[in-house]
Amino acid sequence: MIQLYQPLSYMGLVYREIRQAMIDIEMMFDILTQNPEVEDRPGAKPLVVRQGRLRFENVFFHYDPRRPILNGVTFEAPAGKTLAIVGQSGAGKSTISRLIFRFYEPASGRITIDGQDIALVTQASLRAAIGIVPQDTVLFNDTIAYNIRYGRFEASEAEMKEAARLAQIDRFIELAPGGYEAQVGERGLKLSGGEKQRVAIARTLLKGPPILILDEATSALDSFTEREIQDALDRVAKGRTTLIIAHRLSTVVNADEIIVLDKGMIVERGSHAELLARNGVYAAMWSRQHDLRRAEETLRRAAIEE
Ligand code: ATP
């Protein structure tokens, strides 16, 4: 019996690992369809995450050889710390998250997690170790509970509800007709961008990965929603190695380190205060976004008063 049980239990483990990887793959389906060729190397071993230290070592990358995207990028996200990547649109920020997921491989250089080259580990184990809150969350035409459970199907009811509470989506769900069993989608409950993102945060909390990538939504959120999401993200990032791909600078103020990417190169790095004091690219981006926000607020207030 034991002889039969062991392979079955191993198959169960493999199945769970593959299914978890599928979850992330589906969530980033648009990216995956761009490049399905990356495969496990022969003899690839599972990634063993100890602390969750993530390193880029002199990484070069291009989609098209005529157009380099990353030109020798080196950085480290120490275990449990938050590293933010900022830069103009098209600077290569999201490309970095695609490389970590190994949807593409660097032309040269290495990406390591706890010293293991991610090109040499199995993709299933790599993707099981990483959680992503993507820019645009895809929700399934199913119940809200199912959509959260997608992070880890084995989770108990109590764990699922706790994840919803930490992601600050619990009150919204409890007020919805049907609560956690409410159907989401076309003929059911419609969620705003911010609510969908909080469901994605709950999913990720349930998955509990040691490494987290937050690909911030480019779409503008009102400042109240933005603050709520920020609080939820801070909770999910706590104690995990977190990489924030930031489009708005307001979300990176508290990062342990910020790197500024320009034309595929790191041109500045430091804390928010250090970068402001430097009065360079980051400081210029900060003051531009500040002016823009003030103008938006003025317009919004004028519209309310009308
Ligand atoms: P944004 O802030 O606008 O999201 P980003 O800094 O995240 O931008 P990336 O998405 O990393 O930028 O893209 C970097 C560059 O690579 C862009 O010029 C983009 O057009 C190009 N690019 C992205 N994906 C592909 C692809 N699949 N094939 C070819 N070029 C691509």
Side-chain angles (χ1 to χ4, degrees), residues 24-39 54 56-75 77 82-109 111 118 123 130-138 193-194 196-197 200 211-221 226 229-230 233 242-253 255 257-269 272 275 280-290 292-293 296:
D24 297 312
I25 288 167
E26 281 182 51
M27 283 163 77
M28 294 186 84
F29 191 68
D30 57 328
I31 295 167
L32 187 69
T33 50
Q34 291 173 30
N35 190 31
E37 294 110 60
V38 176
E39 283 177 1
L54 171 72
F56 267 54
E57 297 172 9
N58 205 20
V59 171
F60 284 76
F61 176 76
H62 55 251
Y63 295 99
D64 173 340
R66 287 166 301 181
R67 202 166 151 243
I69 303 290
L70 299 181
N71 295 308
V73 169
T74 298
F75 65 80
T82 297
L83 180 89
I85 302 176
V86 305
Q88 301 298 342
S89 175
K93 303 182 294 294
S94 299
T95 299
I96 287 179
S97 66
R98 288 170 208 151
L99 291 174
I100 298 170
F101 251 69
R102 223 172 143 243
F103 288 132
Y104 296 91
E105 295 203 278
S108 65
I111 302 167
I118 65 163
Q123 291 181 71
I130 303 169
I132 181 153
V133 178
Q135 285 196 13
D136 298 300
T137 302
V138 182
K196 279 192 205 159
Q197 208 173 18
I211 296 168
L212 184 69
I213 300 173
L214 307 175
D215 204 344
E216 192 182 78
T218 32
S219 53
L221 301 166
E226 190 176 316
I229 295 205
Q230 191 55 46
L233 287 179
T242 304
L243 198 72
I244 306 179
I245 311 286
H247 300 277
R248 284 184 303 275
L249 300 187
S250 53
T251 50
V252 306
V253 173
E257 190 180 27
I258 302 165
I259 60 178
V260 184
L261 207 61
D262 187 26
K263 299 189 185 74
M265 278 188 281
I266 297 175
V267 290
E268 284 177 11
R269 62 173 87 205
H272 173 72
L275 290 175
V281 182
Y282 180 85
M285 282 172 73
W286 177 258
S287 94
R288 242 192 338 266
Q289 285 208 359
H290 218 69
L292 203 71
R293 264 186 110 79
E296 278 170 2

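In listed order, ligands and their atoms are each counted from 1. Fair warning: this is a prediction, and the values are worked out from it, not measured in the lab.
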TODO: Before signing off on this row, confirm whether A91 and ligand 1 have an N or O atom pair separated by under 3.5 Å.
DONE: yes
TODO: Please work out whether any backbone atom (N, CA, C, O) or any side-chain heavy atom from C-beta onward of Q88 is under 4.0 Å from ligand 1, and answer side chain, backbone, both or neither.
DONE: backbone
- [ ] Any atoms of ligand 1 less than 4.0 Å from a non-hydrogen atom of T95? List them with their elements.
- [x] 9 (P), 11 (O), 13 (O), 14 (C)
Task: Closest non-hydrogen atom pair between V38 and F103, with its separation - done: CG2-O, 3.5 Å
Task: The single option from T82, I245, I132, L233 passing side chain to side chain contact (heavy atoms under 4.5 Å, CB included) against L214 - done: L233
Open item on the list: Using side-chain hydrogen bond (donor to acceptor under 3.5 Å, both in side chains), reason through Y104 and T95 one step at a time and then give a plain yes or no.
Closed with: CA-CA 9 Å; Y104 296 91; T95 299; over 6 Å; no
Task: Single hit among V260, T74, L261 for side chain to side chain contact (heavy atoms under 4.5 Å, CB included) with I266 - done: L261
Open item on the list: I'd like to know if Y104 contacts ligand 1, where contact means a heavy-atom distance under 4.0 Å to any ligand atom.
Closed with: yes
Open item on the list: Looking at Q88, is its backbone amide N or carbonyl O close enough to the side chain of K93 to form a donor-acceptor pair, meaning the two atoms are under 3.5 Å apart?
Closed with: yes
Open item on the list: So I100 and F56, do their side chains get closer than 4.5 Å, heavy atoms only?
Closed with: yes
TODO: Would you mind finding which of G87, G264, G90 brings a heavy atom closest to atom 5 (P) of ligand 1?
DONE: G90
Open item on the list: Distance under 4.0 Å to a non-hydrogen atom of R98: what atoms of ligand 1 satisfy this?
Closed with: 10 (O), 23 (C), 24 (N)
TODO: Decide whether an N or O pair under 3.5 Å exists between I69 and ligand 1.
DONE: no
